[in-house]
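In what follows, chains are A, B, ... by sequence order, proteins preceding strands, each numbered from 1.
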Protein chains: 2
Amino acid sequence: MATVAVENYLKHVLLLSEGGEELVSMGDLAGALAVVPGTATAMVKALADEGLLEHQPRLGVRLTTRGRRIALNVLRKHRLVETFLVETLKMDWSKVHAEAEQLEHAVSDEVLDRLDALLGHPRQDPHGDPIPNRAGKIDSQVYATLATCATGRRLRIVRVTEQSEEFLRFAEDSGLRPGAELSVGERNLVSGLVTLTRTDGGKIALGVAAAGKILVEPRG
Amino acid sequence: MATVAVENYLKHVLLLSEGGEELVSMGDLAGALAVVPGTATAMVKALADEGLLEHQPRLGVRLTTRGRRIALNVLRKHRLVETFLVETLKMDWSKVHAEAEQLEHAVSDEVLDRLDALLGHPRQDPHGDPIPNRAGKIDSQVYATLATCATGRRLRIVRVTEQSEEFLRFAEDSGLRPGAELSVGERNLVSGLVTLTRTDGGKIALGVAAAGKILVEPRG
DNA sequence: CCACCTATTTTGATTAGTCAAAATAAGTGT
DNA sequence: ACACTTATTTTGACTAATCAAAATAGGTGG
Ligand SMILES: [Mn+2]
Ligand SMILES: [Mn+2]
Ligand SMILES: [Mn+2]
Ligand SMILES: [Mn+2]
């Protein structure tokens with residue numbers, strides 16, 4: 001069975017390749033896993049020997065079919081566990097990522113299936129992140145962000161792509177969670193400021209970096 | 001934080017000392033952890049250096065207060081997780097031990113508290129094993145077993161002290177689960193055979209070793 | 001008391017995962 | 001073409017946990 005470290009490496013390669021076929025650089029991978037670059041290189045060579053990913057020296061890595069299968073299963077565990085923690089145990093959505101980071105390696109496939117059924121086969125987790133189904137199919141729809149969408153239109157938040165506790169607490173306090181509706185008032189590319197108007201009329205100011213982490217779709 | 005291995009060693013020392021103050025032998029400890037004796041010796045020395053247990057060379061080990069505190073917390077996680085798996089996820093009681101063996105190391109204290117509340121602060125797990133409370137207090141009542149109790153009296157099963165999947169499936173199939181009522185017909189110490197009579201009149205034959213794993217109290 | 005048996009400890013290796021720091025390969029610009 | 005910068009790889013070392021096999025300490029029986 002894959003160790004905790006192996007599962008984490010594979011999952012992060014999957015997340016960093018964002019569905020596409022691009023190579024993931026060693027620097028990005030090492031950064032995501034919080035290890036020094038040499039460590040990532042060593043591990044990647046071992047995983048390549050195991051046939052779980054393909055390593056193009058000095059360019060980067062890409063998952064093989066086998067590696068991707070494992071990574072999707074871990075990601076499914078992660079996101080279903082997050083959903084369970086919020087829906088069933090009523091935990092705060094800002095804290096469940098850290099918990100799931102551990103539990104994703106301890107939950108068996110059998111428990112996974114039962115959690116999935118208990119929760120009614122959810123398609124998104126509490127952050128709006130898509131949950132791969134049992135077959136490994138994952139919704140990879142591309143959405144606009146608050147940094148790129150048209151201004152003035154009515155929007156609905158579909159996803160918040162940032163796991164840090166501080167950011168999620170801020171988003172929660174500002175009413176910026178999946179399902180919330182709002183519109184972008186103006187966007188000043190020089191100052192890097194985005195102004196939002198909530199349904200209740202409240203206004204919120206956000207930097208473009210933060211705005212880019214909030215995915216939206218036209219309300220309809 | 002204590003590693004998975006450390007948590008397992010401490011928990012097994014606790015289980016093998018059965019509440020009392022007796023020393024746990026290296027052989028028993030190594031056997032319970034499925035490691036060779038030399039490995040247990042090495043680990044025990046490290047844990048003694050950490051102040052988590054007391055090692056009397058060639059005699060055995062005993063938990064310190066700190067070690068016992070950690071062990072009880074792990075045991076509480078194990079048994080609450082088992083209860084959750086059976087009560088909420090409807091898993092078979094014969095399979096939950098193996099699952100809990102992993103999850104006991106991945107569940108945080110916060111998740112533990114919420115599980116406890118969700119389940120209504122249970123005092124026993126699905127096998128009748130007592131669940132330590134948050135303060136670390138654990139019910140250590142001593143019960144008779146089907147191998148030692150008086151014959152002819154009406155009894156109620158309170159606990160099944162064996163975790164193996166095969167044994168628990170057998171017990172399940174024979175109606176021998178906590179709460180079930182029965183009496184011991186006769187016990188032949190020569191042949192080592194114990195004959196039970198269920199409430200429904202059904203008779204079951206059992207070896208003394210197996211009978212000793214089923215704890216009972218007089219029905220009342 | 002001494003030889004023997006058995007549990008325990010010691011010794012020497014191994015594996016997985018990691019870091020620090022030195023070496024190297026690939027651009028980039030001049 | 002050459003010097004520079006930067007990402008990546010290599011090298012050497014370390015920790016936690018383990019096993020196999022040799023050494024040893026305590027009883028136990030005669
Ligand atoms: Mn993880
Ligand atoms: Mn998520
Ligand atoms: Mn365990
Ligand atoms: Mn149990």
Side-chain angles (χ1 to χ4, degrees), chain A residues 1-18 22-63 66-67 70-71 74 101-102 104-106, chain B residues 1-18 22-63 66-67 70-71 74 101-102 104-106:
Chain A
M1 206 23 50
T3 64
V4 169
V6 166
E7 289 187 346
N8 280 331
Y9 274 85
L10 295 177
K11 187 188 68 171
H12 278 107
V13 172
L14 176 69
L15 290 173
L16 290 169
S17 61
E18 195 50 49
E22 325 86 47
L23 289 174
V24 173
S25 76
M26 281 302 130
D28 287 355
L29 183 56
L33 288 158
V35 296
V36 301
T39 298
T41 299
M43 187 60 154
V44 151
K45 282 206 281 190
L47 294 178
D49 286 348
E50 294 284 316
L52 297 175
L53 47 77
E54 181 194 341
H55 181 205
Q56 314 214 312
R58 304 213 112 90
L59 295 177
V61 292
R62 186 191 345 259
L63 293 172
R66 279 183 55 217
I70 295 174
V74 176
E101 205 53 58
Q102 304 307 312
E104 65 189 356
H105 313 291
Chain B
M1 209 22 50
T3 64
V4 169
V6 167
E7 289 187 346
N8 281 331
Y9 275 84
L10 295 176
K11 187 188 69 171
H12 279 108
V13 172
L14 177 68
L15 291 173
L16 290 170
S17 61
E18 195 49 48
E22 325 84 50
L23 289 174
V24 173
S25 77
M26 281 302 134
D28 287 356
L29 184 55
L33 288 158
V35 295
V36 301
T39 300
T41 299
M43 187 60 152
V44 152
K45 282 208 279 190
L47 294 178
D49 285 349
E50 294 285 316
L52 297 175
L53 46 78
E54 181 193 341
H55 181 204
Q56 313 213 312
R58 301 212 117 89
L59 296 178
V61 292
R62 187 193 340 261
L63 293 172
R66 277 183 58 218
I70 295 174
V74 176
E101 205 53 57
Q102 304 307 311
E104 65 188 354
H105 313 291

Specify the separation, in whole Å, of atom [atom1] of [X] and atom [atom2] of [N].
{"X": "B:L29", "N": "D:dA17", "atom1": "CG", "atom2": "P", "value": "14 Å"}
{"X": "B:M26", "N": "D:dA25", "atom1": "CE", "atom2": "C1'", "value": "15 Å"}
{"X": "B:E50", "N": "D:dA17", "atom1": "CD", "atom2": "P", "value": "10 Å"}
{"X": "B:L23", "N": "C:dA7", "atom1": "CG", "atom2": "C1'", "value": "15 Å"}
{"X": "B:Q56", "N": "C:dT9", "atom1": "CD", "atom2": "P", "value": "11 Å"}
{"X": "A:L59", "N": "D:dT6", "atom1": "CG", "atom2": "C1'", "value": "15 Å"}
{"X": "A:M43", "N": "D:dT9", "atom1": "CE", "atom2": "P", "value": "15 Å"}
{"X": "A:K45", "N": "C:dT18", "atom1": "NZ", "atom2": "P", "value": "16 Å"}

Between [X] and [Y], is any pair of side-chain heavy atoms under 4.5 Å apart?
{"X": "B:K11", "Y": "B:L14", "answer": "no"}
{"X": "A:N8", "Y": "A:H105", "answer": "yes"}
{"X": "B:V13", "Y": "B:L53", "answer": "yes"}

Q. Out of C:dC19, D:dT8, D:dA20, which has the shortest distance to the side chain of A:V36?
A.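 The answer is C:dC19.
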
**Q.** Selected nucleotide, minimal atom distance to B:V35 side chain, candidates C:dG17, D:dT18, C:dT10
**A.**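 Nucleotide nearest to B:V35's side chain: D:dT18.
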
Q: Using atom types as modelled and distance alone, determine if a side-chain donor or acceptor of B:R62 lies under 3.5 Å from a backbone N or O of B:Q56.
A: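 A pair under 3.5 Å: no.
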
Taking only the side-chain nitrogens and oxygens of [X], find out if one of them lies under 4.0 Å from OP1 or OP2 of [N].
{"X": "B:T39", "N": "D:dA17", "value": "no"}
{"X": "A:T3", "N": "C:dG17", "value": "yes"}
{"X": "B:H55", "N": "C:dT8", "value": "no"}
{"X": "B:T41", "N": "C:dT10", "value": "no"}
{"X": "B:Y9", "N": "D:dT18", "value": "yes"}

Q: Could you tell me which non-hydrogen atom of A:V44 sits nearest to which non-hydrogen atom of A:V61, and how far apart they are?
A: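 Closest heavy-atom pair between A:V44 and A:V61: CG1-CG1, 3.4 Å.
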
Q: Identify whether any heavy atom of A:G38 sits under 4.0 Å from a base atom; if not, whether one sits that close to sugar-phosphate; answer base, sugar-phosphate or nothing.
A: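 Base contact.
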
Q. A:A42 or B:G60: which one's nearest nucleotide on DNA chain C is closer to the 5' end?
A.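 Here B:G60 is the residue nearer the 5' end.
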
Q: Using only heavy-atom distances, decide whether a donor-acceptor pair under 3.5 angstrom links the side-chain of B:R58 to the base of C:dT6.
A: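 Answer is no: no donor-acceptor pair is held.
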
